[in-house]
Undergrad: 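Below you'll find the structure I mean.
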Amino acid sequence: MRQKIYIITIMCFIQTCLVFGQNQNKLDIALKYIEKNAKTWELNTSDFTDVQVSSSVTSNKGITYLYLNQTYDNIPVRNAMMTVIIAKNDEVVSVGNSFVSDLKSKISHNKKNLQPESAVLAAADHLGIQIKGRPQVSSRNDLGKYIIDLPELTRSPIPAELKYELKEDKLILVWNLNLYMKSNSDFWDINIDAADGSFVSKHNLTVYCKHHKDAFAKHKNCAIETYRKLNSNPQSVSNVLSAGNIAAKYNVFALPAESPNHGGRTIVTDDQFPAVSPFGWHDTNGVDGAEFFITKGNNVHAYQDKDNNDDSDGLDTDGGANLNFDFPIDLTKDPRQSADASVTNLFYMVNMMHDVTATLGFTEEFGNFQKKNYSGMALDGEDDYVLAQAFDGITLHEAKQDLDANGNPTLINNANFSISNDGFYGVMQMYFWDNDGGAISIDSPESIKGFIAEYGTAQFGGVIPKNTEPPTTGAVVIARDGSTKPTACCGPLKNGPEVSGKIALIDRGFVILVIKYIGHNNQEL
């Protein structure tokens with residue numbers, strides 16, 4: 001046994017040395033290429049002699065992607081990156097450059113009068129949040145990266161690091177902070193001047209999906225061509241896994257359908273792309289057999305989070321030992337009455353997005369969201385699967401505890417996705433949709449399809465339905481008469497058969513509306 005351990009240790013050491021040697025060789029190639037082309041990019045020698053390798057990835061085709069971060073006195077310059085792509089034959093085939101030229105001359109100051117804890121308080125102050133407690137440093141590594149705890153402000157620990165930020169052609173030494181806010185879904189990448197604590201810049205890492213109610217309609221021919229191409233030759237997980245393992249079954253609105261308006265539910269299995277999810281969607285250890293019978297696995301944990309605390313409500317959707325996620329759904333009732341079906345669909349969709357994008361190149365080594373990296377090509381960045389939260393915050397919304405400064409609700413009819421560095425969870429918040437449509441819904445033409453958001457009060461005719469009632473629906477057709485102003489429709493219609501059963505569009509003016517209405521209503525359409 002000792003001999004085996006000794007041999008394994010030697011092999012690991014040799015492998016580590018080989019990987020280091022390969023990476024160093026690629027870095028040497030990249031630096032020589034940069035030196036050769038420095039004048040083209042207007043770079044001085046000092047602009048690139050002190051660079052950090054942000055990451056280095058080699059694809060299965062032998063193509064190496066080097067991401068180099070420009071530094072000054074070993075402190076990174078934010079967004080000053082150079083991507084060098086090196087082919088298998090060691091030829092540089094592409095370079096993307098955002099290095100700062102004449103770096104030293106642009107240094108505004110390099111004073112660090114502020115500690116990272118004070119920078120966190122300054123950031124909170126800029127965001128308009130009053131803090132009662134004090135930030136606490138929980139860890140610090142040899143590279144000067146801090147982790148700060150302030151649960152009063154953020155949902156997770158706060159990474160803090162000194163960096164230079166380019167602003168108005170000057171480089172300012174800043175504390176770069178990542179704040180996943182407790183009060184809302186914002187994930188701020190924020191920079192505070194390390195000298196005086198003043199605000200320098202910020203960027204929201206949360207992407208919001210903001211729809212308006214009149215945008216919802218059935219779209220035809222919306223199939224995803226990329227998905228069709230990738231799905232043309234699916235394999236079965238049950239054929240890939242060892243004998244006796246069970247592929248999970250899900251009753252979902254399967255791709256390429258994007259909603260219940262685009263197709264019915266079908267039974268699918270976690271067998272779409274075994275090349276990137278080789279042990280199914282419920283595995284987390286890379287060994288045959290599911291670790292979870294709920295909607296949780298290597299790529300995503302989907303669950304209900306009605307109180308918006310980022311944790312499961314404790315009602316995880318369970319498929320049982322046979323991993324059978326076939327749950328009833330009633331689209332005419334409150335979605336929470338079909339919660340298991342909804343969470344199953346969310347679990348399926350996030351897994352499919354993981355697998356499709358991985359097939360397109362968003363693999364483990366390039367930072368895809370996974371609990372465990374199967375390939376062994378990415379040793380870091382594990383334990384960062386997606387937390388997909390269904391009905392997020394609906395309890396707070398119904399209690400009117402989600403109102404912004406203008407009294408508008410924030411936890412309804414929306415969705416967002418927050419990301420951070422590799423190795424941290426992706427957080428997806430799917431809010432409740434109240435299905436508030438409109439009084440009139442247009443089926444065609446495509447350019448105006450959907451609910452009419454604003455309309456006046458009718459002076460005659462039938463009562464326009466309320467938003468909560470079934471809308472008046474139909475295709476819109478321009479009505480025409482035989483006059484010189486045909487769309488005014490002051491006379492008998494010439495395209496009565498075309499208008500029949502449709503929503504007629506007529507120009508206002510020229511003739512009293514009541515006359516138009518009586519005249520057209522009496523026609524045989």
Side-chain angles (χ1 to χ4, degrees), residues 12-13 15-17 19-20 23-24 27 49-57 66-82 110-124 133-165 171-181 187-195 197 200-203 205 364-373 376-385 418-427:
C12 289
F13 176 75
Q15 184 178 17
T16 302
C17 290
V19 171
F20 176 80
N23 289 342
Q24 185 61 42
L27 178 59
T49 52
D50 186 18
V51 299
Q52 291 179 357
V53 179
S54 176
S55 68
S56 174
V57 179
L66 269 178
Y67 301 91
L68 307 178
N69 196 167
Q70 190 178 25
T71 71
Y72 181 77
D73 281 345
N74 292 318
I75 296 176
V77 179
R78 272 178 40 81
N79 300 320
M81 304 294 298
M82 186 173 292
N110 57 0
K111 297 177 182 178
K112 191 195 77 171
N113 300 330
L114 209 67
Q115 294 303 309
E117 305 97 301
S118 299
V120 170
L121 294 176
R134 293 290 302 178
Q136 300 292 327
V137 175
S138 61
S139 67
R140 178 190 178 187
N141 65 17
D142 293 338
L143 298 177
K145 296 181 180 180
Y146 293 78
I147 298 296
I148 299 172
D149 292 328
L150 186 58
E152 179 185 351
L153 177 67
T154 62
R155 305 186 191 205
S156 59
I158 303 168
E161 181 182 4
L162 282 174
K163 294 186 178 183
Y164 280 100
E165 170 79 340
L171 287 163
I172 304 168
L173 186 64
V174 299
W175 281 109
N176 174 244
L177 311 169
N178 287 159
L179 308 177
Y180 184 25
M181 305 304 295
F187 198 134
W188 291 111
D189 180 87
I190 190 166
N191 299 290
I192 301 297
D193 194 311
V200 177
S201 66
K202 65 183 177 182
H203 176 68
L205 299 178
E364 296 173 358
E365 57 268 35
F366 286 95
N368 208 333
F369 297 96
Q370 293 187 185
K371 169 70 175 177
K372 178 178 177 59
N373 291 333
M377 297 183 68
L379 301 179
D380 57 359
E382 291 193 327
D383 203 28
D384 61 359
Y385 53 93
S418 300
I419 62 171
S420 185
N421 296 328
D422 199 19
F424 291 85
Y425 295 123
V427 180

Undergrad: Any idea which heavy atoms bring Pro159 and Ile147 closest together, and the distance?
TA: CA-CD1, 3.9 Å
Undergrad: Quick check: closest heavy atoms across Pro116 and Ile148, and the distance to 0.1 Å?
TA: CB-CD1, 3.6 Å
Undergrad: Would you compute the distance between atom CG of Leu150 and atom CZ of Arg134 and round it to the nearest 0.5 angstrom?
TA: 9.5 Å
Undergrad: Closer than 3.5 angstrom, by distance alone: can the side chain of Glu152 be matched with the main-chain N or O of Gly133 as a donor-acceptor pair?
TA: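 Flag set: sc Glu152 to bb Gly133 pair under 3.5 Å.
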Undergrad: Is the backbone of Arg78 close enough, under 3.5 Å, to the side chain of Asn69 for a donor and an acceptor to pair up by distance?
TA: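 Between the backbone of Arg78 and the side chain of Asn69 there is no qualifying donor-acceptor contact (under 3.5 Å).
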Undergrad: Just by distance, do the side chain of Asp193 and the backbone of Ala195 share a donor-acceptor pair under 3.5 Å?
TA: yes
Undergrad: Can you sort out the partners of Lys202 under side-chain hydrogen bond (donor to acceptor under 3.5 Å, both in side chains), two or more places apart, ordered by chain and number?
TA: His126
Undergrad: What residue among Leu171, Thr71, Asn176 forms side-chain contact (heavy atoms from CB on, under 4.5 Å) with Lys163?
TA: Asn176
Undergrad: When rounded to the nearest 0.5 angstrom, what distance separates CD in Gln70 from OH in Tyr164?
TA: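 If I round to the nearest 0.5 Å, the distance is 12.0 Å.
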Undergrad: Is the closest side-chain heavy-atom distance between Val53 and Leu68 below 4.5 Å?
TA: yes
Undergrad: Is the side chain of Arg155 donor-acceptor paired with the backbone N or O of Met181 at a distance under 3.5 Å, no angle test?
TA: yes
Undergrad: Is any side-chain heavy atom of Asp149 closer than 4.5 Å to a side-chain heavy atom of Pro157?
TA: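 Heavy-atom side-chain distance check passes, below 4.5 Å.
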Undergrad: Which heavy-atom pair separates Leu179 from Ile190 by the least distance, and what is that distance?
TA: CD1-CG2, 3.9 Å
Undergrad: For the pair Phe187 and Tyr180, name the ring-plane relationship: parallel under 30°, tilted 30 to 60°, perpendicular over 60°.
TA: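 The arrangement is parallel - the two ring planes meet at less than 30°.
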Undergrad: Do you know the tightest heavy-atom contact between Ala119 and Ile192?
TA: O-CG1, 3.7 Å
Undergrad: Quick one: does Trp175's side chain get under 4.5 Å of Leu114's, heavy atoms only?
TA: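 With C-beta onward as the side chain, the pair touches.
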Undergrad: side-chain contact (heavy atoms from CB on, under 4.5 Å) for Leu177 and Trp188? Distances and angles first, verdict last.
TA: CA-CA 8 Å; Leu177 311 169; Trp188 291 111; over 6 Å; no
Undergrad: Within the distance-only criterion (no hydrogens, no angle test), does the side chain of Asn113 pair as donor or acceptor with the backbone N or O of Ala194 below 3.5 angstrom?
TA: no
Undergrad: Looking at every heavy atom in both Leu173 and Lys111, which two are closest together, and how far apart are they?
TA: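 Heavy atoms of Leu173 and Lys111 come nearest at CD2-O, 3.6 Å.
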Undergrad: Mind checking what makes side chain to side chain contact (heavy atoms under 4.5 Å, CB included) contact with Ser201, not counting sequence neighbours?
TA: Glu165, Asn191
Undergrad: Treating Gln52 as the side-chain partner and Asn74 as the backbone partner, does any N or O pair qualify as donor plus acceptor under 3.5 Å?
TA: yes
Undergrad: I need the Glu117 CD to Ile158 CD1 distance, nearest 0.5 Å.
TA: 10.5 Å
